[in-house]
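Single-structure report; data block below.
Just so we're on the same page: letters track the sequence lines, and every chain starts at 1.
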Number of protein chains: 2
Amino acid sequence: MEFRIDRGSGVPPYMQVVRQVREALRLDWLKPGDRLPTVRDMVKSCGVNANTVLKAYRELELSGLVEARQGSGTFIRAALGSAPPEAMEQLRKRLHEWVGEARASGLDNEDIDALVRTVLNDKGEQR
Amino acid sequence: MEFRIDRGSGVPPYMQVVRQVREALRLDWLKPGDRLPTVRDMVKSCGVNANTVLKAYRELELSGLVEARQGSGTFIRAALGSAPPEAMEQLRKRLHEWVGEARASGLDNEDIDALVRTVLNDKGEQR
DNA sequence: TCTATTGTCCTAGGTAACTAGAACACTTTT
DNA sequence: AAAAGTGTTCTAGTTACCTAGGACAATAGA
């Protein structure tokens, strides 16, 4: 599990860590029992302060997703996988194709992001 | 043009305004000559400070997207549309279908967001 | 037992961003 | 000419978050 902290995005680093862990959980990249990087590892690899990492891990712990064991590490506690792997793969494949078409039409990542957001909002408000 | 400021997302309000304007430009919701909401309108509708709006508008002006005319308003100057409207509609339609399937598989907005991000990153790194 | 590793806590300081309130300059409308 | 609306500037204060550095507590392994 590697973390990428994007300074300048405006999103607080500790929040980026939280999101990336949740994201990995949703995609089944992390499973119960897995150990997250050490606080000190994170400090070295991401250049953030120990307190920042701690804040992120604590927030994850409060929401019940991880469990911190002093002296041993921080471990995944719950799963977030929301669909069976086969369905996930199918969806991923089709999305991949769609992105290919979008790129062929001249859209860049930001264009695609904007489009996705509006479609999600449309659908979201129809509930 | 309506703006929604999400406090608690960690993203500075002024940046959210900038992004939403750029997003509207990308989707052809805003075109050259259109006038953005008044600074004072934004203050009322979004509950942010005039300085915050000003900062957002100034950033947009520095990038050449809008033009501020003292006494009259802030106007769109350039277009950002990256694909012809027909292609855009086609892409939107197909994406809409895909989102429908994803929802049917049990994914929520955050799941979908995570999936989109990874696919974009995959493709992005293959360049 | 001893040592290294790990999570945790504390204090102090700094920066970016937002808020509040007032005033000024220019344009448009009446 | 006058009034209303608009962008702009300024100062002061507040808050959230990050940084730095050190120290403590519990666990795992030699």
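At least one side-chain nitrogen or oxygen of B:T52 sits closer than 4.0 Å to the OP1 or OP2 atom of C:dT19. For the pair B:R35 and D:dT6, the criterion of a side-chain N or O lying under 4.0 Å from OP1 or OP2 is met. The phosphate of D:dT9 has OP1 or OP2 within less than 4.0 Å of a side-chain N or O from B:R58.
Residues that satisfy the side-chain contact (heavy atoms from CB on, under 4.5 Å) test with B:D28, not counting sequence neighbours, are absent from this structure.
Here CD of A:E59 is found 10.0 Å from CG of A:L65. Values are rounded to the nearest 0.5 Å. Separation of atoms CG (A:D111) and CG (A:D108) is listed at 4.0 Å; rounding is to 0.5 Å.
Projected onto DNA chain D by closest heavy-atom contact, A:N49 and A:R69 fall at different nucleotides, the more 5' of which corresponds to A:N49.
Screening A:V99, A:I112, A:L91 for a side-chain contact (heavy atoms from CB on, under 4.5 Å) with B:V119, the sole residue that qualifies is A:V99.
A donor-acceptor contact shorter than 3.5 Å is absent between the side chain of B:T52 and the backbone of B:V48. In this structure a side-chain-to-backbone donor-acceptor pair under 3.5 Å is present from A:E61 to A:A68. Judged purely by atom type and a 3.5 angstrom limit, A:E67 has no side-chain atom pairing as donor or acceptor with the backbone of A:I76.
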If you restrict it to nitrogen or oxygen atoms, what contacts under 3.5 Å exist between nucleotides 28-30 of chain C and the protein, and what is each distance?
none

Show the distances under 3.5 angstrom between N or O atoms of the protein and N or O atoms of nucleotides 11-13 of chain D.
none

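Across all strands, B:Y14 comes closer than 4.0 Å only to sugar-phosphate atoms, never to a base (heavy-atom distances).
The base of D:dG7 sits within donor-acceptor range of the side chain of B:R40, with an N or O pair under 3.5 Å.
Side chain of A:V48, nearest nucleotide from D:dT19, D:dT8, C:dT19: D:dT19.
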